[in-house]
Amino acid sequence: MKISDFWEKYYRQVLYTLMIALTVFVFVNPIGLPLVVMKNSIDYYEAVESLPPHSIVTVGVNYGGGAWGEVGSANIAFIKHCIMKDLRMVFYSRYVEGPLMLEKVIAGAGGKEALGEYGVDWVNLGYMAGGEAALASMMQSPDGWHKTFEYDQYRNKVSDLLLMEDLWDWQDVDLATEFITGSLLPVVNQWYVPYRTPIICSAIGANTPETKMYYDAGQVVGYLGSMRGSAEYEKLTGFYADALSSVEALSLVLFLAAISIIVGNIEDRWKGSKNISTGGR
Amino acid sequence: MAPIGDFVAAFFVIGLFSFIYRDNIWYKFAEYTFVGVGMGVTITVAYWNVLNQTIGPIVNNAAYIFVPALILGFLTLFRVSRNYGWISRSSLAVMFATTMAIRVMVTIQSQVVQQILPAIRAPIINTDPITGISNLFAATGLAAACYYFVFTRVDMPRTIQRPSDWFAKYGQYVIMAYLGASYANVMTGRVSMFIERILFLCRTFGIV
């Protein structure tokens with residue numbers, strides 16, 4: 001079989017094998033590529049850093065297993081950052097898998113004991129259906145959070161939790177943090193537009209351009225874009241999870257992808273293919 | 001030593017990766033299992049959500065304001081019936097109307113007004129050159145992208161070139177650049193998923 005025929009038949013397998021080989025190589029032998037921290041990540045970090053102790057931070061865990069590589073590390077580093085700053089955390093989720101991911105995040109941050117006393121230092125309100133309507137309901141005066149959540153994730157009555165005595169409506173939220181796979185628009189709509197609640201966000205790659213749009217307009221204080229943003233935040237906080245080591249592999253694999261696109265285009269031009277306008281194979 | 005759960009997860013991850021070679025029974029098994037487990041989680045969470053957030057307040061606190069919501073929610077289940085599916089439309093109508101009412105006014109604020117104002121106010125001259133050029137590009141790009149949509153006339157013969165057509169063309173390129181950046185970000189996300197799973201496999205089998 002000629003090389004060109006082999007490539008034509010097995011290009012997918014070859015590319016994936018190269019990707020796996022590159023990734024494993026970087027994990028076994030870290031290269032130490034430099035990582036520049038962008039302004040949006042610094043703003044994200046500063047938003048947490050500037051809060052006084054005992055401030056209330058709401059943490060929206062709105063992603064599933066598929067987004068773990070992109071925002072999971074940032075979520076772990078964020079919780080450790082909040083613990084260091086002695087902030088009080090209120091977790092909730094608009095995503096069905098969110099509570100499951102939160103258990104994984106808490107385990108990564110050192111377990112429930114590391115977060116402090118439940119009900120005093122942190123609360124897990126669990127999943128809430130209703131999307132944007134539920135978000136609007138949470139912030140309403142005088143007792144939106146209590147009306148929206150009757151029980152927490154562990155079947156405790158929300159009104160019995162000490163922390164929740166300080167969280168009733170929009171005036172009590174010092175910082176809203178979102179870890180998202182979907183759009184940030186509902187949160188901007190219902191929390192920033194009416195109440196000017198400061199929002200920071202960690203988004204997956206697909207939502208990063210949209211999140212940047214809100215950041216440029218001043219609707220979001222800071223944001224972390226995908227795995228790279230998570231790595232930058234790990235570097236800023238010094239709480240290392242997986243992002244900083246994974247982002248090296250990401251750089252190499254994306255470099256491979258860029259080379260493949262260029263080589264593929266040259267090959268198609270060389271052959272005078274008529275299928276150029278139809279896109280990739 | 002990785003816990004047994006990690007080896008089970010690794011079994012399914014490798015099964016899903018086996019599709020790289022070709023479609024096979026291991027891949028199908030992993031795929032169907034994932035769909036089944038995902039459905040199970042969703043139904044369980046939804047069940048407890050209805051119990052805790054709707055039925056709980058009605059029973060414990062006599063919060064009868066939730067009763068209409070519970071009835072409307074129940075009616076949506078009729079969608080599975082071929083003969084009585086129409087009953088669910090009233091619930092969906094309420095959902096659509098409520099969502100529209102909640103979203104419309106604030107979306108105009110967040111997506112239109114609060115986007116245009118910063119673009120107008122962004123400094124172009126009294127700032128560093130890179131920021132100035134970036135802001136200039138953002139402001140003109142916004143105007144050109146709007147112009148491309150608002151003033152494009154499909155009934156105009158293609159041979160007629162208006163003096164302002166170059167501006168619409170610029171808007172088209174701006175939109176293409178945005179789509180390209182979005183696609184690159186999506187691709188980065190997918191590669192991130194892939195890398196995270198490779199790291200998981202490496203850890204499970206003691207490679208790193």
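Proteins get letters first, then strands, A, B, ... in listed order; numbering begins at 1 in each. Worth saying up front: this structure is predicted, and the values here are computed from it rather than measured.
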Problem set entry | Separation of L199(B) CG from F27(A) CZ (nearest 0.5 Å) | 4.0 Å
Exercise. Which pairs, with at least one residue in residues 97-126 of chain B and sequence neighbours excluded, count as a ring-ring contact (aromatic ring centres under 6.0 Å, His included)?
Worked result: none
For this session: Sort V28(A) into side chain, backbone, both or neither according to what part of it lies under 4.5 angstrom from a heavy atom of chain B.
Result: both
If you check both backbone and side chains, which donor-acceptor pairs between chain B and chain A fall under 3.5 Å?
from, atom 1, to, atom 2, distance (Å)
F19(B), O, R12(A), NH2, 3.3
I20(B), O, R12(A), NE, 3.3
I20(B), O, R12(A), NH2, 3.1
I20(B), O, Q13(A), NE2, 3.4
Y21(B), O, Q13(A), NE2, 3.0
N49(B), ND2, Y127(A), O, 2.9
N52(B), OD1, R155(A), NH1, 2.0
Q53(B), OE1, E150(A), N, 3.2
N60(B), ND2, Y151(A), OH, 2.6
N61(B), ND2, E150(A), OE2, 2.5
I102(B), O, Q190(A), NE2, 3.4
R103(B), NE, E132(A), OE1, 2.9
T107(B), OG1, N189(A), ND2, 3.0
S110(B), O, Q219(A), NE2, 3.0
S110(B), OG, N189(A), OD1, 2.6
Q111(B), OE1, Y214(A), OH, 3.4
Q114(B), OE1, Q219(A), NE2, 2.7
Q115(B), NE2, Q219(A), OE1, 3.2
R203(B), NH1, D242(A), OD1, 3.1
R203(B), NH1, D242(A), OD2, 3.2
R203(B), NH2, D242(A), OD1, 2.7

Problem set entry | Over 12 non-hydrogen atoms of neighbours within 6.0 angstrom of CD1 in I31(A) | yes
Exercise. Above 12 or not: heavy atoms from other molecules or residues under 6.0 Å from CG of L33(A)?
Worked result: yes
For this session: Name the region of I204(A), side chain, backbone, both or neither, that has any atom closer than 4.5 Å to a heavy atom of chain B.
Result: neither
For this session: Let me know if F17(B) has heavy atoms under 4.5 Å from chain A in its side chain, its backbone, both or neither.
Result: neither
For this session: Please look at L100(A) and chain B and tell me whether the side chain, the backbone, both or neither of the residue comes under 4.5 angstrom of a heavy atom of that chain.
Result: side chain
For this session: Check whether more than 12 heavy atoms from other residues, nucleotides or ligands sit under 6.0 Å from atom CZ of F34(B), and answer yes or no.
Result: no
For this session: Would you mind checking which part of V208(B) comes under 4.5 Å of any heavy atom in chain A, side chain (CB onward), backbone (N, CA, C, O), both or neither?
Result: side chain
Seminar exercise, completed: Counting heavy-atom pairs under 4.5 Å with chain A, the top scorer among V41(B), V45(B), I195(B), I102(B) is I195(B)
Problem set entry | Structural part of L185(A) lying under 4.5 Å from a heavy atom of chain B | side chain
Seminar exercise, completed: Highest number of heavy-atom pairs under 4.5 Å with chain B among A206(A), A243(A), A133(A) belongs to A206(A)
Exercise. Crowded around M95(B) CE? As in, over 12 foreign heavy atoms under 6.0 Å?
Worked result: no
Problem set entry | Largest heavy-atom contact set with chain B, pairs under 4.5 Å, which of G131(A), A129(A), G65(A) | A129(A)
For this session: Would you indicate whether M187(B), at its atom CE, is surrounded by more than 12 heavy atoms from other residues, nucleotides or ligands within a distance under 6.0 Å?
Result: yes
Problem set entry | Top contributor to chain A contacts, counting heavy-atom pairs under 4.5 Å, from G56(B), P57(B), C202(B) | P57(B)
